[in-house]
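Read the structure below first, then the notes.
Small disclaimer: the values here were computed from a predicted structure and weren't measured. Indexing begins at 1, ligand by ligand and atom by atom, following the structure's order.
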Amino acid sequence: MTAVVTDPVAALSRLVAGHADDWDRAGRLPTRVARELGAAGVLCAQVPARHGGPGWDAVADGRLTAQAGELCSSTRSLMTSQGMVAWAVTRWGEDRHQARFLPPLTGGSLAGVAFSEEDAGSDLSGVRTEITHEAGRVRVTGRKVWVTGAVYADLVLVLGRYAGGTALVLVPTDAPGVTVLPRPDPVGCRAAGHADVVLDDVLLDEIHLLPGAGAPFGLPAQSVLLAGRISVAWGCLGIIRACLRSTARHAATRRQSGVRLAEHQLVARRLGEMVAAEQAVLRVCEHAAAAWRDGSPDLPAAALVAKHEGATRAAGTASSAMQVLASAAARDGHPVARAYRDAKLMEIIEGSTEICQLELADAAVREWT
Ligand SMILES: Cc1cc2nc3c(=O)[nH]c(=O)nc-3n(C[C@H](O)[C@H](O)[C@H](O)COP(=O)(O)OP(=O)(O)OC[C@H]3O[C@@H](n4cnc5c(N)ncnc54)[C@H](O)[C@@H]3O)c2cc1C
């Protein structure tokens with residue numbers, strides 16, 4: 001397998017720029033585009049060249065993710081999911097898992113993360129999906145909800161109970177016993193292909209079970225969630241940039257009461273806060289990505305801070321942008337209206353704002369007393 005020769009930045013621009021609002025209204029993006037993004041190395045840019053990926057480090061991948069977040073949060077959602085699956089295989093897989101599962105992920109196959117269940121959202125220790133392993137075969141039974149990208153996915157990474165602990169298993173969506181049930185009309189990221197995934201006595205070869213099976217909840221699954229948090233934080237930076245661009249342009253040109261909006265101090269204050277949000281989120285994202293790249297012990301806290309700041313500031317910035325654009329953005333199909341809906345979801349996924357705050361409070365008690 002040789003390294004991809006395409007430029008992921010150029011591929012992202014070519015395939016996505018200018019389409020997000022149409023895809024959002026349609027509630028779907030073309031599967032062909034998602035596969036081309038994957039084959040161009042956009043969806044999991046950290047996969048090493050020996051497995052067909054661009055082999056970028058976490059900081060470069062983060063900048064690409066911010067670019068995707070600025071263009072289209074649905075596309076960024078697919079990047080986050082595929083990146084999490086690729087990271088699980090890279091971090092926890094042996095050579096045989098990496099050789100089997102990574103080249104397809106950089107060759108146009110698509111993947112999602114199936115952790116949440118109806119009664120296990122914020123608290124994933126409550127998952128009920130059963131994974132068993134006997135005579136070289138793995139059996140999976142359960143029901144997963146809200147799996148981003150599942151409508152397009154060839155593979156889902158499933159978290160389940162296993163031998164007194166938990167395990168991660170890679171389940172092809174065309175395996176007998178797998179049913180994908182699309183979730184219609186999500187409030188945001190409408191083209192990200194959310195679906196529930198029913199796993200009815202799915203039988204797979206044991207290579208689909210990742211090493212680390214049986215570990216208490218908190219090891220493989222937590223490391224995958226960390227990767228997701230950093231990716232979502234970069235995506236939030238992209239949302240902030242999209243809102244800042246639209247708001248600055250509008251405030252610089254529209255006139256009310258005889259002056260440009262930007263000259264009204266109450267509007268100017270919002271613009272100033274947006275610039276500060278963009279800079280603050282950029283810095284925490286860079287810090288978290290560098291911690292990931294360098295294997296720093298700061299990684300869990302840095303990822304939490306980046307996710308928390310990214311999501312809350314993206315939601316605040318998008319709300320401010322709506323206020324400044326007012327009726328100009330008050331319709332479906334406007335980038336700021338889309339950002340407003342997408343940003344709210346960022347406060348819910350990959351550790352809600354409250355869950356991040358609780359974990360940061362734990363860190364405060366550990367480190368500041
Ligand atoms: C658009 C979208 C995409 C998603 N994509 C995926 C995906 O790809 N894969 C996947 O596995 N899951 C996915 N999810 C599920 C997502 O991870 C969960 O929605 C999220 O973890 C929150 O769980 P919940 O919705 O069940 O809310 P709940 O856990 O029921 O929480 C409800 C509210 O209570 C708060 N709360 C919960 N526990 C506490 C506590 N201990 N203290 C204080 N407050 C608390 C929460 O912050 C939240 O505000 C997605 C969800 C959405 C909406």
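- Of all the heavy atoms of Thr353, none lies under 4.0 Å from any atom of ligand 1, so neither backbone nor side chain is involved.
- Counting only distance, with no hydrogens or angles, the side chain of Asp57 and the backbone of Arg293 share no donor-acceptor pair below 3.5 Å.
- We find the CZ-CD1 distance between Arg229 and Ile349 to be 11.0 Å, quoted to the nearest 0.5 Å.
- Using a distance-only test at 3.5 Å, with no hydrogens or angles considered, a donor-acceptor pair links the side chain of Thr253 to the main chain of His250.
- With values rounded to the nearest 0.5 angstrom, Lys344 atom NZ is found 12.0 Å from Ile239 atom CD1.
- Using modelled atom types, no side-chain atom of Asp154 and backbone atom of Ser109 make a donor-acceptor pair closer than 3.5 Å.
- Here the protein heavy atom with the shortest distance to atom 28 (P) of ligand 1 is Ser122 OG, 3.6 Å.
- Those atoms of ligand 1 that come under 4.0 Å of a heavy atom in Val113, given as number and element, are 7 (C), 8 (O), 9 (N), 10 (C), 11 (O).
- Within a 4.0 Å radius of atom 10 (C) of ligand 1, the protein contributes at least one heavy atom.
- Donor-acceptor pairing under 3.5 Å is recorded for the side chains of Thr353 and Glu347.
- The backbone N or O of Arg128 sits less than 3.5 Å from a side-chain atom of Glu117, completing a donor-acceptor pair.
- Closest protein heavy atom to atom 19 (O) of ligand 1: Ile348 CG2, 3.9 Å.
- The aromatic rings of His208 and Phe101 lie perpendicular to each other, with more than 60° between the two planes, well past the 30° mark.
- Residue, atom and distance of the protein heavy atom nearest to atom 4 (C) of ligand 1 are Trp146 O, 3.3 Å.
- Among protein heavy atoms, atom 43 (C) of ligand 1 sits closest to Leu358 CD1, 3.9 Å.
- Closest to atom 49 (O) of ligand 1 among all protein heavy atoms lies Glu354 OE1, 3.5 Å.
- Proximity of atom 30 (O) of ligand 1 to the protein is not indicated, since no non-hydrogen protein atom lies closer than 4.0 angstrom.
- Within the listing of ligand 1, atoms 1 (C), 3 (C) sit less than 4.0 angstrom from a heavy atom of His194.
- Judged by distance alone, the side chain of Asp294 and the main-chain N or O of Ser296 form no donor-acceptor pair under 3.5 Å.
- Among all protein heavy atoms, the one lying closest to atom 18 (C) of ligand 1 is Ser116 OG, 4.1 Å.
- Closest to atom 39 (C) of ligand 1 among all protein heavy atoms lies Ile355 CD1, 3.8 Å.
- Atom 6 (C) of ligand 1 is flagged as protein-proximal [any protein heavy atom, distance under 4.0 Å].
- Looking at ligand 1, you'll find an N or O of Ser352 within less than 3.5 Å of one of its N or O atoms.
- Taking a 6.0 Å sphere around CD of Gln265, one finds it holds 12 or fewer heavy atoms contributed by other residues, nucleotides or ligands.
- Per-residue contacts place Leu345 under 4.0 angstrom from the following atoms of ligand 1 (heavy atoms of the residue considered): 1 (C).
- Distance from atom 51 (C) of ligand 1 to its nearest protein heavy atom, with residue and atom name: Ile349 CG2, 3.7 Å.
- For atom 25 (O) of ligand 1, no protein heavy-atom neighbour is found at a distance under 4.0 Å.
- Atom CG of Asp205 has more than 12 heavy atoms from other residues, nucleotides or ligands within 6.0 Å.
- Side-chain atoms of Lys144 come within 3.5 Å of backbone atoms of Phe115 as a donor-acceptor pair (strictly under, hydrogens ignored).
- Protein non-hydrogen atoms do not reach within 4.0 Å of atom 34 (O) of ligand 1.
- The backbone and the side chain of Thr148 each have at least one atom closer than 4.0 Å to an atom of ligand 1 (non-hydrogen atoms only).
- Closest to atom 21 (O) of ligand 1 by heavy atom, among Gly126, Pro186, Gly121, is Gly121.
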